[in-house]
Amino acid sequence: MSPKKLQNLAKKHGTPLFVVDHKILRHNYATFKKYLPRVQAYYAVKANADPVIVKTLYEEGASFDVASLPEFMLVHENIKELPAKQRQDFIWDKIVYANPIKTPQTLEALNQYRPLVTYDNREEVRKLKRHAPQAGLVLRVKVPNTGSVVELSSKFGANSGEAVDLIATAFDAGLTVEGLSFHVGSQCTNPTNYVQALQLVAGIFHEAWDRGFQQVKILDIGGGFPAPYDENVQSFRHLAKILNAEFKRLFPKDMEILAEPGRFLVATCATLVAEIIGKAVRDGKLCYYINDGVYHTFSGVIFDHIQYHLKAFRDGPKQICSVFGPTCDALDTVSLAEHLPEDLELGELLYSENMGAYTHASSTHFNGFPPATVLHIHRD
Ligand SMILES: Cc1ncc(COP(=O)(O)O)c(C=O)c1O
C-alpha cells in the first residue's frame, strides 16, 4: 500500500491504525498453493485471529489450525454459514486442533465435532480416551528447530524412538491415530530442518505401517514458513522446491499432506501507522515516543523475537534514534536503533510494514491504552 494512501487512512481513522490488506492475504495464500500443490494449508489462527482474515482465507480455500477452544469456535462460527466442504461428518477437512496439551473441559466440548487433534504423550492418550474418544489423533514428533527464530521443540513433540509405541498405545486404548505432525520452529530460514524432519517422520511412518497401523496416513508438516522480513530470507519458491522433492522421494502418492502456516500467510498483509506523541534527547540520543508499543501491536518485539523497522513519511537529515511506546514501563521499547529523520515533530506519523503476524494478536490494554484500530482493505 502506498505511503500516501496510508497517510490518508490514518487521517480518516486516527492512530494507531492496523491496516490489513486482503489483496496481499489472498496473494500469499495463492503463492502457498502454487508452489506446494500437494499441501492443504491450515492457517494457524494464533498468528492473527481476526474473523475477517479467517473468512477471506476460507473463501480462498484454506483450512485452519487452532490452539484453543475459543479459536476452534471462532473458526466454526465463521465458516458454518459458508458453503461447507466437510468430509463425511468430520470437521477435519477444515480444522486441526494442533495444541498437544488440552484440558478435559476442552476435550469434552470438542468431542461432539469428532475433531482432529494432536498429542505427544501417554497422559494425553488417557485424557483423550476419557474425554474425547471420538477424536482422530495426530502424533506430534520432535524435530530439529536449529536456527529458527522461535524455538518450539523444547516444549512439544514425542522423541522419534517412542513414536510408534505412542501410536500403539493410542490404538490399544481404542482410539484412532490418523497421522504424524511436526513443527520446525517459527520463521525457519534453515530448510535443512524440514529435510531432516521429513526423513525422520518417513522412518516413523514405515515402522508404523510395518507394525500394522496402515491407517496412519496424514502428514502434517506444521508451520515455520518464513516471512520476507528482510532480503536475507530465501524465497518461498526455493523452500517449496526442496519440500516437493522430499515429498516425492519419501512418501507414497496417496499421502494426505497438510501444513499449518501462520506467519507466511499474514505477516506481509498488515501495516501499522502510529503517531509521534513525545520527543526528547536523553544522554545525547534522540528519543521518539509513539502511541503504540510492545504491550500493543509491537508485542512481537518481546514474544516473537522480531525487530520491526519504523519509517517516516518524509525525508530529512537522519539519526539513530530510540523509539518508545506510550506506557510508563521502560520495557515498552520498540527499538533502540532506528534510522529516522531528526526533525520529525509531534503529531507526525511513522509506519511499520510486515506487521500481520503475532503482533495485534497479543495486544493488551496495559496502562489503559487500547489496542490499535483494525482496518480491513478488501480492494485497491
Ligand atoms: C502447532 C503450531 N502450528 C503452527 C504454528 C504456526 O507457525 P508459523 O507462524 O511459523 O507458520 C505454530 C506457531 O507457534 C504452532 O505452534
Side-chain angles (χ1 to χ4, degrees), residues 1-30 43-60 62 64 71 74-75 77-79 82 227-229 262-277 288-301 303-304 306 308-314 323 325-327 334 344 346-366 368-380:
M1 189 168 299
S2 74
K4 188 86 217 130
K5 185 162 182 193
L6 282 172
Q7 265 178 313
N8 288 339
L9 291 173
K11 209 179 272 173
K12 186 164 171 205
H13 299 276
T15 62
L17 188 66
F18 186 76
V19 185
V20 182
D21 187 336
H22 286 250
K23 205 172 133 204
I24 299 178
L25 185 61
R26 287 192 295 271
H27 171 80
N28 289 347
Y29 181 79
Y43 168 56
V45 174
K46 62 179 80 66
N48 191 324
D50 192 310
V52 187
I53 289 179
V54 167
K55 270 191 189 152
T56 293
L57 287 174
Y58 181 78
E59 282 160 9
E60 294 305 299
F64 300 91
E71 279 193 2
L74 181 144
V75 172
E77 289 301 305
N78 276 286
I79 70 176
L82 304 164
Y229 291 118
R263 188 188 302 281
F264 178 79
L265 296 181
V266 289
T268 54
C269 78
T271 305
L272 187 274
V273 188
E275 188 173 325
I276 298 173
I277 57 167
Y288 286 117
Y289 294 76
I290 60 172
N291 62 352
D292 202 330
V294 305
Y295 287 97
H296 299 86
T297 317
F298 291 94
S299 59
V301 170
F303 295 125
D304 200 33
I306 301 290
Y308 309 98
H309 291 293
L310 286 145
K311 293 184 183 167
F313 285 97
R314 66 169 175 82
V323 179
T327 70
V334 176
L344 295 173
L346 305 196
E348 287 199 65
L349 304 177
L350 297 176
Y351 67 104
S352 191
E353 296 167 305
N354 303 326
M355 293 287 288
Y358 307 108
T359 52
H360 193 70
S362 328
S363 262
T364 71
H365 282 76
F366 188 51
F369 295 108
T373 301
V374 181
L375 185 70
H376 293 279
I377 307 290
H378 292 274
R379 310 250 164 269
D380 283 333

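Atom CG of residue Asp292 and atom CG of residue Leu310 lie 9.5 Å apart, to the nearest 0.5 angstrom. For the atom pair Phe18 CZ and Ser363 OG, the distance stands at 8.0 Å (nearest 0.5 Å). Between the CG atom in Leu57 and the NE2 atom in His22 there is a gap of 8.5 Å [rounded to 0.5 Å]. Separating the NE2 atom in His296 from the OG1 atom in Thr327 is a distance of 7.5 Å, to the nearest 0.5 Å. With rounding to the nearest 0.5 angstrom, the CD1 atom of Ile377 is 5.0 Å from the NZ atom of Lys5.
Taking the side chain as every heavy atom from C-beta outward, Val266 and Asn28 never approach each other to under 4.5 Å. Residues Asn48 and Tyr43 are in side-chain contact: their nearest non-hydrogen atoms beyond the backbone lie under 4.5 Å apart. Side-chain contact check for Thr271 versus Met1: every heavy-atom pair is 4.5 Å or farther apart. Leu25 has its side chain out of reach of Glu60: every pair of non-hydrogen atoms, C-beta onward, lies at least 4.5 Å apart. Two residues are said to be in side-chain contact when any heavy atoms from C-beta on lie closer than 4.5 Å; His365 and Pro371 meet this criterion. Considering only heavy atoms from C-beta on, His376 stays 4.5 Å or farther from Thr56 through its side chain. Two residues are said to be in side-chain contact when any heavy atoms from C-beta on lie closer than 4.5 Å; Leu272 and Thr359 fail this criterion.
Ion pairing of Arg26 with Glu59 is absent here, as no side-chain N (NZ or NE/NH1/NH2) approaches a carboxylate O to less than 4.0 Å.
Using bins of under 30°, 30° to 60° and over 60° for the plane-to-plane angle, the ring pair Tyr308/Tyr229 lands in the perpendicular bin. Between Phe64 and Tyr58, the ring-plane angle classifies as parallel under the 30° and 60° cut-offs.
Results of the side chain to side chain contact (heavy atoms under 4.5 Å, CB included) test with Leu349 over Lys311, Glu275, Lys11, Arg314 single out Glu275 as the only residue that passes.
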